[in-house]
J.: 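After the structure tokens below, expect a handful of questions from me.
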Amino acid sequence: MSILKYSICPISLVSCLAILHLLSSSGVNAASDQMHAASTAGSEGKALLTWKASLDNYSQSKLSSWSSSANPCSTWYGVRCNKAGRVSVINITSFGIKGTLDHLNFSSLPHLTTIELSQNALHGTIPSNIGNLSRLTYLSFWLNQLSGAIPIEIGQLTNLRFLYLYNNSFNGSIPKEVMSLKSLVHLILQGNEFTGSIPTSIGNLTDLSVMALGTNKFSGFIPEEIGKLRSLTQLSLSDNTLTGPIPLSIGNLSDLTLLYLFRNYLSGPIPKEIGNLTKLNELNLRGNQLSGPIPEEIGKLRFLVQCSLGANLLMGSIPQSIGNLGNLTFLSLYGNFLSGPLPEEIGNLLSLEDVVLSYNNLTGEIPNSIGNLKMLTSINIFENKLTGHIPSSIGNLTNLIHFELSLNNLYGTIPPELGTLKLLAYVSIFQTQLSGVLPDGFNNLTHLDKLLLNQNYLSGYLPQNICIGSSLTRFIVLGNNFVGAIPRSLKNCSSLQVIDVAYNQLSGNISEEIGLYPYADYIKLNNNKFYGQLPWNWSGYLTLTELRISNNNLSGRIPAGLGEKFGEVDFVA
């Protein structure tokens with residue numbers, strides 16, 4: 001720095017000033033002029049100007065207010081000072097700052113209480129001299145591209161209350177020194193590549209109210225000492241490779257409002273102590289290897305809004321106490337070995353909007369009380385062993401959009417009330433034992449996107465206006481006893497991607513019944529009673545991968561080039 005200064009200035013005063021002006025835009029070397037003239041800013045201003053000079057040109061332009069001729073305490077963007085005029089806050093978020101922290105000399109900023117540099121493009125590591133910031137209470141680097149290990153010197157920040165390092169690429173284990181930061185209130189390390197186990201010394205952080213360690217590579221057991229963190233309101237350990245049981249001490253965390261343990265390898269039962277978490281709003285344990293019954297004590301969680309226990313090995317019946325969860329909006333128990341009936345008490349969940357019970361062994365009939373759930377937008381009870389009729393009370397669910405009961409042992413007719421639910425977009429009732437005709441009301445379902453009724457015993461005519469809303473993408477009714485023509489609204493239903501009416505008794509002139517569908521993936525018309533010739537413009541299909549028209553009464557020639565376009569073709573008439 002001094003060599004550069006003295007090799008230039010002897011030339012002449014005018015030349016010296018001109019050269020110094022040119023150097024002021026040349027990256028890190030620009031710090032020479034800035035630091036020489038920063039006597040008004042002191043060592044703190046010099047430290048920040050040195051860091052600014054190490055950033056890319058765009059970042060430097062964004063920090064144009066950082067100037068050696070200005071007071072950092074009054075005009076520098078994102079910088080605030082304490083009453084003594086010492087820099088105490090650096091707050092630069094979502095500013096596109098790109099560079100490293102290597103040239104930010106934390107030792108020169110001993111009065112810092114807050115560092116907020118989140119949502120930028122910082123990379124590299126956290127310098128070890130960050131440990132000199134003994135007054136620091138708030139440290140936030142979330143959503144950057146920082147990597148490497150957390151320096152052990154972070155353990156010297158004994159006043160630190162908030163540590164936000166989430167959504168970076170940090171790795172290594174959590175240093176044991178972090179567990180000495182007894183003032184910590186928030187510890188959020190989510191979305192990194194941390195490894196190793198959660199240290200048992202985590203129990204030292206008794207002031208913690210939020211701990212989020214999810215989406216990392218932590219392994220081993222959840223330590224029993226976690227039960228010492230009685231101030232916790234939010235705990236997320238999801239998306240790791242944790243094993244072993246949920247510790248019984250989890251029941252000590254009576255202030256918890258959120259518990260996320262999903263997508264790990266946890267095993268054993270859901271402890272009945274979970275019933276002690278009476279303030280819980282969100283419980284997500286899905287995607288583990290938990291076994292045993294759903295504890296009856298879950299009914300004590302009267303403030304629960306979201307409950308997700310899917311993709312585990314749970315068995316036994318759904319407890320009747322679930323009817324106590326009057327605030328529940330989302331219930332997901334899919335992919336377990338649950339058996340027995342749907343409890344009548346499910347009708348007490350008047351706030352429920354979404355219920356997912358698919359891939360279980362549930363038996364018995366769908367209770368009439370389901371009609372009480374007038375807030376429901378989605379029912380998914382796919383692949384169980386339910387029997388009996390679809391209850392007519394389904395007609396009360398006027399907000400229903402998604403309705404899926406496929407792969408059950410249901411029988412009887414589709415209740416006409418289903419056709420009154422005008423918001424329905426997805427109806428899936430395939431591979432059951434339903435019979436009879438489709439309700440006329442299906443002609444009024446203008447929002448219908450997917451209709452899957454295949455492999456039942458349905459008969460009669462198909463609804464003529466099934467695509468009246470021009471939004472239908474999948475129309476699958478194969479393997480029934482439908483007669484008559486293909487619905488006239490399908491001919492101009494340009495949104496169709498899949499049409500499968502195979503194995504019915506449909507009839508009509510194929511050139512008049514079927515249109516040209518620009519987004520079609522496959523068309524299956526085989527095993528019906530269609531006649532006539534294939535339209536010449538069918539050779540214009542560009543997206544079709546499968547066409548089946550065999551076992552009909554077709555005649556004439558196949559349009560030129562039609563067979564060359566498809567991956568699988570069945571032309572036999």
Side-chain angles (χ1 to χ4, degrees), residues 366 381-390 392 394 402-419 421 424-445 448-468 472-491 493 496-510 512-515 517 520-531 546-554 570 572-573:
I366 301 170
I381 317 181
F382 182 93
E383 196 161 339
N384 277 280
K385 297 177 180 178
L386 297 174
T387 57
H389 297 262
I390 299 173
S392 59
I394 210 85
H402 186 113
F403 184 67
E404 189 164 6
L405 297 180
S406 300
L407 290 163
N408 278 288
N409 298 319
L410 301 170
Y411 54 80
T413 60
I414 295 176
E417 289 80 5
L418 190 64
L421 305 180
L424 276 176
Y426 186 108
V427 177
S428 174
I429 323 177
F430 64 81
Q431 290 190 43
T432 68
Q433 299 179 38
L434 293 172
S435 58
V437 300
L438 295 184
D440 289 339
F442 272 53
N443 284 303
N444 301 320
L445 302 181
L448 205 56
D449 174 50
K450 296 177 179 66
L451 180 61
L452 314 178
L453 301 176
N454 43 297
Q455 292 161 286
N456 283 290
Y457 298 97
L458 300 170
S459 58
Y461 296 94
L462 292 170
Q464 288 302 302
N465 294 328
I466 200 66
C467 189
I468 195 172
L472 193 65
T473 62
R474 289 180 174 264
F475 182 66
I476 303 178
V477 297
L478 84 149
N480 283 287
N481 297 309
F482 290 118
V483 297
I486 286 180
R488 58 180 175 270
S489 62
L490 288 189
K491 184 165 186 178
C493 190
L496 269 176
Q497 299 171 14
V498 172
I499 177 170
D500 189 345
V501 299
Y503 294 97
N504 279 286
Q505 300 179 43
L506 299 171
S507 59
N509 190 328
I510 198 167
E512 297 176 0
E513 303 286 333
I514 302 296
Y517 310 114
D521 182 30
Y522 68 81
I523 296 175
K524 295 182 181 181
L525 310 174
N526 54 293
N527 294 84
N528 278 289
K529 298 178 180 180
F530 296 118
Y531 60 88
E546 187 174 352
L547 173 64
R548 293 187 177 275
I549 56 175
S550 62
N551 295 314
N552 280 288
N553 298 314
L554 305 180
D570 180 358
V572 180

J.: Using atom types as modelled and distance alone, determine if a side-chain donor or acceptor of Thr473 lies under 3.5 Å from a backbone N or O of Gln497.
T.: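 Looks like no, no N/O pair under 3.5 Å.
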J.: Drop me the distance from Asp521's CG to Leu547's CG, to the nearest 0.5 angstrom.
T.: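 Answer rounded to 0.5 Å: 12.0 Å.
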J.: Can you find a pair of side-chain heavy atoms, one from Phe403 and one from Ile394, that are under 4.5 Å apart?
T.: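 In contact.
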J.: Asn454: which residues meet the side chain to side chain donor-acceptor pair (under 3.5 Å) condition with it, sequence neighbours left out?
T.: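 Residues passing side chain to side chain donor-acceptor pair (under 3.5 Å) with Asn454: none at all.
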J.: Looking at every heavy atom in both Asn552 and Lys529, which two are closest together, and how far apart are they?
T.: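 Answer, listing the atom of Asn552 first, then Lys529: OD1-N, 3.2 Å.
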J.: Side chains of Gln505 and Asn481: closer than 4.5 Å at any heavy-atom pair?
T.: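 Gln505 reaches Asn481 side chain to side chain.
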J.: Do Asn526 and Tyr503 come within less than 4.5 Å of each other through their side chains, counting heavy atoms only?
T.: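 Yes, side chains in contact.
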J.: Drop me the distance from Asn551's CG to Phe530's CZ, to the nearest 0.5 angstrom.
T.: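 Separation between the atoms: 12.5 Å.
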J.: Report the residues that fulfil salt bridge (Lys or Arg N to Asp or Glu O under 4.0 Å) with Lys524, sequence neighbours left out, ordered by chain and then residue number.
T.: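 So Lys524 forms a salt bridge (Lys or Arg N to Asp or Glu O under 4.0 Å) with Glu546.
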J.: Hey, could you give me each pair passing side-chain hydrogen bond (donor to acceptor under 3.5 Å, both in side chains) that has a residue in residues 404-419? Not counting sequence neighbours.
T.: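 For residues 404-419: Asn380-Glu404, His402-Glu404, Ser406-Ser428.
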J.: Indicate yes or no for a side-chain donor-acceptor contact from Asn504 to the backbone of Asn480 under 3.5 Å, with no hydrogens or angles considered.
T.: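 Present.
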J.: Mind checking side-chain contact (heavy atoms from CB on, under 4.5 Å) for Glu513 and listing every partner two or more places apart, or none if nothing turns up?
T.: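 Checked Glu513 against side-chain contact (heavy atoms from CB on, under 4.5 Å); matches are Ala485, Ile486.
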J.: Show me the donor-acceptor pairs within less than 3.5 Å that the side chains of residues 433-445 make with the rest of the protein, sequence neighbours left out.
T.:
unit_1, atom_1, unit_2, atom_2, d
Asn443, OD1, Gln464, N, 3.1
Asn443, OD1, Asn465, N, 2.8
Asn443, ND2, Asp440, O, 3.2

J.: Please evaluate residues Cys467 and Leu490 with respect to the criterion side-chain contact (heavy atoms from CB on, under 4.5 Å), reporting the C-alpha separation (whole Å), side-chain torsions for both, the decisive distance (0.1 Å), and the verdict.
T.: CA-CA 6 Å; Cys467 189; Leu490 288 189; 4.1 Å; yes
J.: So, for Tyr457 and Thr432, which heavy atoms are closest and what is the spacing to 0.1 Å?
T.: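 Closest pair (atom of Tyr457, atom of Thr432, distance): CE1-O, 4.4 Å.
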J.: Give the minimum heavy-atom separation between Leu458 and Phe482, together with the two atoms involved.
T.: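 Nearest pair, atom of Leu458 first, then Phe482: CB-CZ, 3.5 Å.
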J.: Applying side chain to side chain donor-acceptor pair (under 3.5 Å), name anything that partners Asp500, two or more places apart in sequence or on another chain.
T.: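 Once residues adjacent in sequence are excluded, Asp500 has no partner under the side chain to side chain donor-acceptor pair (under 3.5 Å) criterion.
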J.: With heavy-atom distances below 4.5 Å as the criterion, would you say the side chains of Phe430 and Leu407 are in contact?
T.: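 Counting from C-beta outward, Phe430 and Leu407 do come under 4.5 Å.
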J.: How many angstroms lie between atom CG of Leu478 and atom CG of Leu525, to the nearest 0.5 angstrom?
T.: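 Reported to 0.5 Å precision, the distance equals 11.5 Å.
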J.: Rounded to the nearest 0.5 Å, what separation is found between the NZ atom of Lys450 and the CG atom of Leu472?
T.: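 Lys450 atom NZ to Leu472 atom CG measures 9.5 Å (nearest 0.5 Å).
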J.: Is there a side-chain contact between Ile429 and Ile390, using heavy atoms and a 4.5 Å cut-off?
T.: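 Yes, at least one pair of side-chain atoms sits under 4.5 Å.
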J.: First locate atom CD of Gln431, then atom CD of Glu383, and finally report the distance between them rounded to the nearest 0.5 Å.
T.: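 Rounded to the nearest 0.5 Å, the CD-CD separation comes to 9.0 Å.
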J.: I need the Phe475 CZ to Ile466 CD1 distance, nearest 0.5 Å.
T.: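 Between Phe475 CZ and Ile466 CD1, I get 6.0 Å after rounding to 0.5 Å.
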